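Note that the coordinates shown come from a computational prediction; the quantities given were computed from them, not determined experimentally. Reminder, nothing fancy here: chain letters follow the sequence lines and each chain counts from 1.
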Amino acid sequence: MAIKTEEMVLNMGPQHPSTHGVLRLELELEGEIIKNVKPHIGYLHRCFEKHAEAMTYPQVVPYTDRMDYVASMYNNFGYAVTVEKLLGIEVPERVEYIRVIMGELQRIASHMVALGTYGLDLGAFTPFLYLFIDREKILNLFEMTCGARLLYNYIWVGGVSHDLHPDFLRLTKEFIDYYRPHIAELNELLSYNKIFIERTANVGVMPLDTAINYGMTGPNLRASGLKFDLRKDEPYSIYDRFDFDVPVGEGKMGTVGDCWDRYFVRVLELEQSLKILEQAIEQIPEGDVQSAIPKRIKPPAGTVYGRVEAPRGELGYFIISDGSVNPFRMKVRAPSFVSLSIMGELCKGHLVSDVVAILGSIDIVLGEVDR
Amino acid sequence: MKQPKEIFESLKEKFTEYNFEIIEDLPVEPIISVDPLNVNKIGFYLRLDADLQFDSLMVLSGVDDNNAKKIKQEDETEIDDPGTLSVYYHLYSTTLKHKVTLKASAPKDNPEIESVEKVWKTADWHEREAYDMIGIKFLNHPDLRRILMPYDWDENSFPLRKDYENPEFYQGIKVPY
Amino acid sequence: MYELLYDIFGSEIIAMIIAACMPLFLFILPFALIAVLLERKVSAHMQDRLGPMRVGYHGILQTIADILKLIQKEDIVADTTDKKLFNMAPVLVFAGSYAVFAAIPFSGAFIGSAADVGIFFIIAVSSIVVAGILMAGWASNNKYSLLGAMRSAAQIISYEIPTALVVLSIVMLTGTLSLNTMSIQQTAYFWNWNLFGGAADGFVQLLLLPFTVVAFVIFYISSLAEVNRTPFDIPEAESELVAGYHTEYSGMKFAMFFLAEYANMFAVSAIAVAIFLGGYQSPLGYLGNTIGVEWLIPYEQLFWFTVKGVGLVLVQIWLRWTLPRLRVDQLMTVCWKYLIPYAFVNLIIIGLISLI
Amino acid sequence: MSLYDIIFYLFALLVLVSAFITVTSKNIVHSAFSLMFTLFGVAGIYVLLGADFLGVVQLLVYVGGILILMIFGVMMTNEITNVDIKTGTTQVVPAIIGVGLFAGALTSMMLRTGWNSQPSENMDTTTYAIGKLLLTEYVLIFELLGMLLLVALIGAASVARKEKE
């Protein structure tokens with residue numbers, strides 16, 4: 001017996017506590033069950049790509065900061081790597097190590113935000129603040145290095161803006177030792193909490209073929225069970241020198257590729273990033289931090305697509321150069337943009353509360369979605 | 001693991017009726033240019049063929065090639081060639097770990113390119129973005145709306161085109177303030 | 001208490017009005033002030049931060065400042081609301097939670113009404129809160145509010161069943177519906193509390209002990225759900241429904257919802273105390289008896305009652321800042337598939353044992 | 001006027017006014033909510049009459065259960081997000097005739113009844129008495145009602161159950 005019911009359209013956002021920014025989700029509901037989800041984006045569109053066409057190559061760096069503002073350092077990193085690939089230059093050893101250290105610290109900080117706000121989405125307030133206390137320590141390290149706490153403009157094409165502070169390595173080591181036990185604490189408080197598992201396991205399951213077809217990358221793809229990490233599969237910078245694992249979703253609490261897996265892959269990545277950091281601190285050589293590249297960067301005409309493993313997935317820069325000082329066309333493959341497009345697929349048949357759980361688990365930053 | 005050159009050869013073998021070109025003299029990456037109206041078929045082939053398995057579309061970018069020029073005809077009159085708009089497809093195979101870049105160009109006055117949304121779902125939003133920014137019309141796309149720009153943005157105004165000019169007014173508000 | 005006031009004023013009406021207002025001014029308002037501060041301070045210290053620190057010493061006047069702010073705020077009524085119901089709803093919600101206090105025995109001498117149907121009255125009257133919440137959600141003409149109200153109503157009605165079943169089992173054990181009588185029965189030392197099997201004989205008490213403990217746990221869980229506290233705070237789940245049924249409210253009307261929530265928190269704790277934790281009885285005996293100052297005893301009882309009640313409120317706060325929130329269907333599962341069957345079995349077993 | 005009278009008149013006023021609104025209001029939700037006040041007032045009057053158990057049951061069953069369910073239903077019926085759920089007036093003439101007849105019958109009944117008033121007994125508690133009566137004199141009815149409710153419960157569960165596909 002089918003009862004005809006009227007569908008209700010619920011606008012979630014653009015101003016809503018758990019859309020992680022100005023995102024509008026148009027939910028078609030039948031009772032509390034989702035029939036369809038239409039994400040509407042663009043509220044934070046800042047024309048990065050248009051701006052880039054009017055800037056010289058070094059001038060673009062601060063603009064990249066503002067895309068994924070939770071992981072600015074990695075945006076710089078990806079941009080620098082791509083332009084260097086286009087220019088065909090090598091950067092000094094020390095720069096590479098600094099970049100890796102910064103990148104991994106940024107990954108930890110970014111995952112902290114992701115995990116913390118995920119707890120918050122599900123009603124657990126305390127883990128959020130615990131994680132932010134620790135994130136503060138990373139931001140202090142960044143501030144010490146480049147003076148900024150959120151938008152760094154630190155990794156430049158051909159080098160980094162400043163050398164490390166003399167105390168930096170010691171303090172980072174201290175941070176690693178301090179932070180390691182906190183991962184276990186997070187697991188106790190949130191990951192293995194019965195209610196948390198109930199809310200996330202078997203919710204928003206992303207089968208591997210769907211994930212690949214929708215272009216998922218990073219933790220979201222790995223949670224679906226594919227061991228794919230650009231740091232391992234297509235090593236850029238000096239990632240091939242470090243020994244670390246690529247955690248994948250195992251469906252420990254439910255199905256492979258559910259929200260809990262996506263959450264837990266990030267937790268496991270914290271550990272791996274700490275591991276990389278330790279090795280990088282051991283190996284970092286002395287040296288120059290700005291290679292001799294001309295002030296006016298004028299790459300040859302051509303195209304390049306460079307991609308790095310940003311905390312949220314594959315961050316790609318597609319640059320077309322026409323031989324002038326400005327990029328002819330710059331397209332950013334923002335991981336959050338791609339991840340968000342699967343929302344409609346994942347949410348169907350779930351409840352309103354699950355939308356929050358799913359949205360939180362794919363971990364988007366609206367600055368990057370809209371660019 | 002295949003090089004773009006080999007992929008180019010196998011494409012030519014498979015689709016004899018379409019034109020393929022390979023642009024290799026660029027720095028960094030070779031590009032295979034394909035027929036814009038049959039991209040979806042080529043896409044299906046690339047994705048499903050056992051030797052290629054390009055299951056992942058890394059990025060799809062629309063580009064205004066900015067190559068408008070005047071062509072002199074035989075009778076000395078000039079006609080405008082409006083130039084082309086292109087779409088770049090960066091493909092990757094998660095199983096075979098090889099990459100290839102495709103390029104499909106369409107004339108600017110009628111920029112129609114077949115949608116690959118059916119092949120790679122991720123193309124959905126990328127194509128909407130290319131439509132939104134460059135103005136490429138993707139045929140058979142299920143939901144070709146603006147994505148980043150407001151829905152009430154001028155229908156024929158595409159911000160990332162090289163000949164784009166800022167509108168004077170938007171919703172009655174003067175724009176260059 | 002009413003008799004006392006009647007002796008002083010000589011007029012039924014004045015005595016009644018004063019008696020009716022007393023819990024508000026003597027207890028609910030000060031309690032709400034303290035509880036809000038407590039919640040903020042406790043949560044802050046649980047999260048390695050300080051919480052409010054600026055207003056007064058260590059921020060103790062923060063809630064007063066907040067209330068002053070709320071009073072001064074503009075009372076926004078959206079254009080498309082159903083204005084009559086919109087204005088009535090906060091009053092109804094507060095009235096419902098306030099009415100509960102009429103039957104709570106704060107001490108042997110301070111009881112609003114020692115009515116024989118006390119506990120039954122509390123269960124009944126708290127359903128007015130549901131009506132108020134539904135009214136607020138509907139009148140706001142906001143989809144989030146409506147969803148919140150629907151969830152809330154469904155939740156409170158569902159969880160009334162295990163609460164009632166557990167209360168029923170204790171009623172069978174004690175043979176009374178009056179909270180005052182229950183409190184009196186649990187006198188002298190804490191092993192006479194209903195939580196530990198009541199004031200029965202040694203063997204029967206031992207037999208009852210596991211079941212009364214289970215009853216208490218069920219009661220506490222469902223009381224958490226009835227006052228919409230985490231992990232059952234889905235009606236106002238801020239990450240999904242913004243603020244649920246009170247999304248559209250501002251200023252003093254919002255403050256009334258807020259007040260009602262904190263009043264409710266104490267009310268359910270107080271009921272749990274009265275039923276299971278010996279009511280206003282001291283766990284250790286009275287100072288007044290020891291030193292022979294009889295008039296001290298009611299005040300001691302008031303002290304113990306408040307301490308126990310606030311203790312349970314603290315547990316609520318603790319849970320809120322530790323646990324994530326359940327989903328709406330899981331909430332119903334917990335209620336209908338776990339709590340109600342357990343409560344039923346518990347009821348039957350306690351009934352059988354109390355026949356011995 | 002004693003306190004008892006004041007409270008009685010307050011409740012009576014509440015019952016009458018809200019009942020009036022229930023009948024006349026064009027908005028179904030308003031009607032439903034004012035019906036709640038009516039039932040609440042009636043419960044209050046029960047308590048004043050010494051039937052405290054009955055009053056509480058009235059509150060619990062009608063206000064807490066049936067009425068909430070009704071409001072739920074009313075909210076679900078129409079476009080839930082719009083405030084204009086309206087009722088109209090139809091069949092005015094037959095209604096007037098019916099009401100007139102009924103009112104006449106009631107008035108004549110009221111006028112002809114010999115009202116024997118008795119001083120109120122201070123009933124100690126009604127709970128015990130009700131309980132005893134239910135389990136002795138009316139035990140059959142009690143059991144039958146229990147069966148009926150069980151049947152209703154099972155029926156509701158089977159209606160609400162998901163169909164197997």
Side-chain angles (χ1 to χ4, degrees), chain A residues 38-47 49-50 53 82 85-88 208-217 221 226-228 230 233-234 299-307 314 316-322 328-334 337-342 344-345 369-371, chain B residues 23 25-31 47 53-67 86-95 97 99 101 103 117-130 132-134 143 145-151 153 159-162 164 166:
Chain A
K38 277 192 198 157
H40 296 269
I41 60 171
Y43 294 91
L44 211 59
H45 182 48
R46 299 177 311 287
C47 326
E49 291 168 6
K50 189 79 179 167
E53 289 176 13
T82 310
K85 195 170 157 194
L86 182 65
L87 289 166
L208 184 56
D209 51 345
T210 318
I212 294 174
N213 206 1
Y214 270 95
M216 292 295 128
T217 44
L221 179 61
L226 184 68
K227 218 178 179 109
F228 175 71
L230 290 172
D233 289 69
E234 212 179 283
T303 69
V304 63
Y305 178 67
R307 51 180 191 162
E314 172 185 326
Y317 288 89
F318 175 54
I319 303 175
I320 301 181
S321 156
D322 59 353
F328 177 77
R329 169 84 168 98
M330 164 109 58
K331 156 98 185 179
V332 181
R333 183 227 193 262
F337 177 82
V338 178
S339 307
L340 188 59
S341 67
I342 204 173
E345 176 82 19
V369 173
D370 294 342
R371 281 155 290 147
Chain B
I23 311 161
D25 49 344
L26 291 170
V28 186
E29 54 193 20
I31 292 168
R47 196 187 110 194
Q53 294 188 22
F54 283 106
D55 49 3
S56 160
L57 174 68
M58 291 187 283
V59 63
L60 182 154
S61 7
V63 176
D64 180 359
D65 293 323
N66 198 24
N67 51 3
S86 304
V87 173
Y88 287 80
Y89 306 85
H90 288 79
L91 304 179
Y92 180 70
S93 165
T94 53
T95 40
K97 318 261 179 215
K99 289 202 266 189
T101 310
K103 176 185 176 182
E117 189 265 348
K118 297 274 182 311
V119 191
W120 300 284
K121 276 274 187 239
T122 177
D124 184 352
W125 279 29
H126 282 300
E127 283 178 356
R128 276 178 70 188
E129 194 191 329
D132 192 7
M133 291 292 156
I134 308 280
D143 184 26
R145 285 176 296 139
R146 291 202 174 266
I147 184 164
L148 292 174
M149 303 299 286
Y151 295 127
W153 196 252
L160 274 184
R161 283 199 183 174
K162 291 286 178 185
Y164 170 79
N166 274 334

Side chain, backbone, both or neither: which part of [X] has an atom under 4.5 Å from a heavy atom of chain A?
| X | value |
| --- | --- |
| B:Asp124 | neither |
| B:Ser61 | both |
| B:Met133 | side chain |
| B:Arg47 | side chain |
| B:Ile31 | side chain |

- Note on the structure: Sequence neighbours excluded, the answer for salt bridge (charged side-chain N to carboxylate O under 4.0 Å, His left out) partners of A:Arg333 is A:Glu314
- Query: What are the two closest non-hydrogen atoms of A:Ile212 and B:Thr94, and how far apart are they?
  - Reply: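 Nearest heavy atoms, A:Ile212 then B:Thr94: CD1-OG1, 3.7 Å.
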- Message: At a heavy-atom distance under 4.5 Å, which candidate from B:Asp65, B:Thr101, B:Leu57 has the highest pair count against chain A?
- Response: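 The option with the most such pairs is B:Asp65.
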- Query: In terms of heavy-atom pairs under 4.5 Å with chain A, which of B:Lys97, B:Arg146, B:His126, B:Arg145 leads?
  - Reply: B:His126
Taking C-beta and beyond as the side chain, do [X] and [Y] meet within less than 4.5 Å on heavy atoms?
| X | Y | answer |
| --- | --- | --- |
| A:Thr210 | B:Lys121 | no |
| B:Leu148 | A:Glu49 | no |
| B:Ile147 | A:Phe337 | yes |
| A:Asn213 | B:Thr122 | no |

Heavy-atom pairs under 4.5 Å with chain B: which of [options] has the most?
| options | value |
| --- | --- |
| A:Gly316, A:Ala301, A:Pro299, A:Gly88 | A:Ala301 |
| A:Pro39, A:Cys47, A:Gly42, A:Ser341 | A:Ser341 |
| A:Arg371, A:Arg307, A:His40, A:Glu345 | A:Arg307 |
| A:Thr303, A:Val304, A:Asp370 | A:Thr303 |

- Message: Angle between ring planes, A:Phe318 versus B:His90, binned at 30° and 60°: parallel, tilted or perpendicular?
- Response: perpendicular
- Message: Which label fits A:Phe228 and B:Tyr92: parallel for a plane angle under 30°, tilted from 30 to 60°, or perpendicular past 60°?
- Response: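 Tilted, since the angle between the ring planes falls between 30° and 60°.
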Measure [X] against the heavy atoms of chain B and call it side chain, backbone, both or neither at under 4.5 Å.
| X | value |
| --- | --- |
| A:Leu340 | both |
| A:Leu226 | side chain |
| A:Asp233 | side chain |

- A:Glu234 and B:Lys99 ion-paired at < 4.0 Å: yes
- Task: Look at A:Lys331 together with B:Glu129 and state whether they make a salt bridge at an N to O cut-off of under 4.0 Å.
- Result: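 Salt bridge between A:Lys331 and B:Glu129, a charged N being under 4.0 Å from a carboxylate O: yes.
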- Query: Taking it one step at a time, do A:Tyr305 and B:Val59 satisfy side-chain contact (heavy atoms from CB on, under 4.5 Å)?
  - Reply: CA-CA 9 Å; A:Tyr305 178 67; B:Val59 63; 3.4 Å; yes
- Item | Listed partners of B:Lys162 passing side chain to side chain contact (heavy atoms under 4.5 Å, CB included), at least two apart | A:Glu53, A:Phe328, B:Asp64, B:Asn66
- Task: Kindly compute the distance separating CG (B:Leu160) from CE (A:Met330), expressed to the nearest 0.5 Å.
- Result: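 The CE atom of A:Met330 is 11.5 Å from CG of B:Leu160, to the nearest 0.5 Å.
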